[in-house]
Amino acid sequence: MSAHGEGRQMSELHDLTLAELATKLRGKEVSAVEVARHFLARGARHESLGAYLATSEEVTLAQARGADARLAGGDTAPLLGVPIAHKDIFVTTDFPSTAGSRMLEGYRSPFDSTVVLKFKGAGAVSLGKLNCDEFAMGSSNENSAFKPVLNPWDTTRVPGGSSGGSAVAVAARLAPAATGTDTGGSIRQPASFCGITGIKPTYGRASRYGMIAFASSLDQAGPMARTAEDCALLLSAMCGPDPDRDSTSLDVPAEDFTRTLNDSLQGLRIGVPKEFFGEGLSADVRAAVDAALKEYGKLGAVLVPISLPRTELSIPVYYIIAPAEASSNLSRFDGVKFGHRAEKYTDLTDMYKKTRAEGFGDEVKRRIMIGTYVLSHGYYDAYYLQAQKIRRMIADDFQQAFKTCDLIAGPVAPTVAWKLGEKSSDPVASYLADIFTLPASLAGLPCMSVPAGFGAGGMPVGLQLIANHLQEARLLNAAHRLQQATDWHQKTPGGLLR
Ligand code: GLN
């Protein structure tokens with residue numbers, strides 16, 4: 001290949017989707033090592049965005065060489081040689097695993113999480129670990145103990161959270177794809193804020209083994225990429241039962257989500273919940289979501305008005321249940337088993353206290369306190385138990401709605417990405433912004449964010465799609481058809497990124 005040809009090709013690699021890269025790799029037009037080197041260099045050039053917490057040329061290139069050997073042997077596995085980066089909530093043997101917390105600074109896991117292992121087995125090449133809110137608690141990535149992540153569309157704004165590093169890596173084309181986790185919106189909201197595509201599958205579809213736990217009844221892994229087609233490829237590799245390691249993983253076989261991407265949407269009934277279009281929704285986001293819904297009309301879908309009457313209650317319910325579970329999960333960080341231990345202490349209790357005071361950030365401490373309170377004797381019935389009951393009602397509301405529609409559509413968030421620092425002194429303001437993502441999380445439903453144009457300040461807006469349990473294929477089909485009819489997902493953040 002001529003020097004000129006190579007230069008041209010290299011500058012284009014990051015503009016390719018994951019599916020396009022995979023095809024080029026299989027066709028031997030480019031090697032996994034070349035692709036890996038390109039993305040490593042790009043990541044280093046845009047380090048100031050704060051997306052990565054750990055990279056290693058040695059590890060990445062070794063994996064790329066392994067993929068090239070498999071490709072040379074004629075292996076045609078769909079993800080062979082494509083680079084991917086992982087949210088730093090997934091434990092990995094090759095890189096440190098911090099969950100964005102000082103508590104786990106420099107921590108090395110002796111094993112790989114199931115999701116990471118599945119990608120390794122599929123021959124994907126890991127580019128490193130991505131920044132996130134501490135223990136996945138947050139909506140702006142400003143709770144990372146290490147550094148904020150900047151939104152590439154406007155670096156004075158947040159990327160969303162908690163999978164902010166994942167969203168920025170993909171949006172800024174530092175990686176063609178990333179993993180994320182979603183407890184109450186952490187895949188959908190940053191995907192929406194950064195103009196990319198992300199899907200949270202049905203609770204239990206992907207194994208939670210090796211995902212550093214936040215709220216176990218809600219936590220779920222999912223892919224983030226530029227297109228629905230890429231998400232379908234990635235999700236097909238991530239799902240499947242893991243009975244020996246995650247007892248809540250569903251006994252449902254892995255599925256090829258790419259098979260139905262092109263199905264017709266003729267007659268598809270899309271439910272539009274009136275509660276998602278009320279007062280709190282800003283006019284710019286509303287206009288973008290309406291335009292996307294109109295596109296679905298052109299594709300043959302029928303819009304059906306529906307109601308999810310307990311939408312508002314999902315905020316107090318989630319902010320009781322999630323901290324309750326977090327307070328229990330985070331008790332394992334005691335200075336003995338993992339990570340940080342205070343240097344000076346007088347006795348065992350003092351060691352626990354100092355370790356936790358030093359290791360956890362403010363938001364994590366706040367949630368441990370709320371969680372401990374709502375679970376304590378005398379308050380359990382008043383808060384935790386009531387929240388569980390309403391959670392069930394929220395789930396029932398969805399089942400009621402799915403009697404008259406096949407999918408539900410609405411905004412992901414009430415506004416576009418806000419300015420860095422804008423909500424950091426007011427945690428409740430940021431909790432309120434989760435209103436549209438929490439209901440599907442509480443009901444364990446598959447849901448996604450699909451780029452749907454731009455709002456205030458030229459910032460991206462995401463359309464949220466929600467399906468009934470195990471209907472990820474339907475979601476991805478609807479998202480793919482929209483992406484074939486529109487070009488919102490192809491827009492790239494300007495100047496900075498060339
Ligand atoms: N923003 C929500 C929270 O702070 C959701 C986080 C998540 O999904 N991990 O808890």
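Just follow the structure's listing: the first ligand is 1, and inside any ligand the first atom is 1.
- The shortest heavy-atom distance from Glu363 to ligand 1 is not under 4.0 Å.
- Residue-ligand proximity, Ala136 to ligand 1, at heavy-atom distances under 4.0 Å covers atoms 6 (C), 7 (C), 9 (N).
- Taking every non-hydrogen atom of Tyr318 and a distance limit under 4.0 Å, the qualifying atoms of ligand 1 come out as 2 (C), 3 (C), 5 (C), 6 (C), 10 (O).
- Few gaps surround CG on Asp426; more than 12 heavy atoms of other groups in view lie less than 6.0 Å from it.
- In summary, the atoms of ligand 1 found under 4.0 Å from a heavy atom of Phe214, numbered by their order in the structure, are 9 (N), 10 (O).
- Per-residue contacts place Gly138 under 4.0 angstrom from the following atoms of ligand 1 (heavy atoms of the residue considered): 1 (N), 2 (C), 3 (C), 4 (O), 6 (C).
- With a 4.0 Å cut-off on non-hydrogen atoms, Arg188 does not touch ligand 1 at all.
- Interface of Ser139 with ligand 1, defined as ligand atoms under 4.0 Å from a residue heavy atom, comprises 1 (N).
- Ion pairing between a basic and an acidic side chain is recognised when a charged N comes within 4.0 Å of a carboxylate O; Asp290 and Arg286 show such pairing.
- Aromatic ring centroids of Trp418 and Phe193 lie under 6.0 Å apart.
- Ligand 1 has an N or O atom lying under 3.5 Å from an N or O atom of Thr183, backbone or side chain.
- A 6.0 Å sphere centred on CG of Asp256 holds more than 12 heavy atoms belonging to other residues, nucleotides or ligands.
- Salt bridge Asp219/Arg208: absent, no basic N to carboxylate O contact under 4.0 Å.
- Each of the atoms 5 (C), 7 (C), 8 (O) of ligand 1 lies under 4.0 Å from some heavy atom of Gly184.
- Nearest protein heavy-atom contact of atom 6 (C) of ligand 1 is Ser186 OG, 2.9 Å.
- Atom CD of Glu47 is surrounded by 12 or fewer heavy atoms from other residues, nucleotides or ligands within 6.0 Å.
- Counting heavy atoms under 4.0 Å from ligand 1, residue Asp434 touches it through the side chain alone.
- Under 4.0 Å is where a charged nitrogen must lie from a carboxylate oxygen, and between Arg205 and Glu255 at least one such pair does.
- The proximity of Ser162 to ligand 1, defined as any non-hydrogen pair under 4.0 Å, is limited to the side chain.
- Between the Glu275 side chain and the Thr311 main chain, no donor and acceptor come within less than 3.5 Å of each other.
- In Tyr319, the part holding a heavy atom less than 4.0 Å from any atom of ligand 1 is the side chain.
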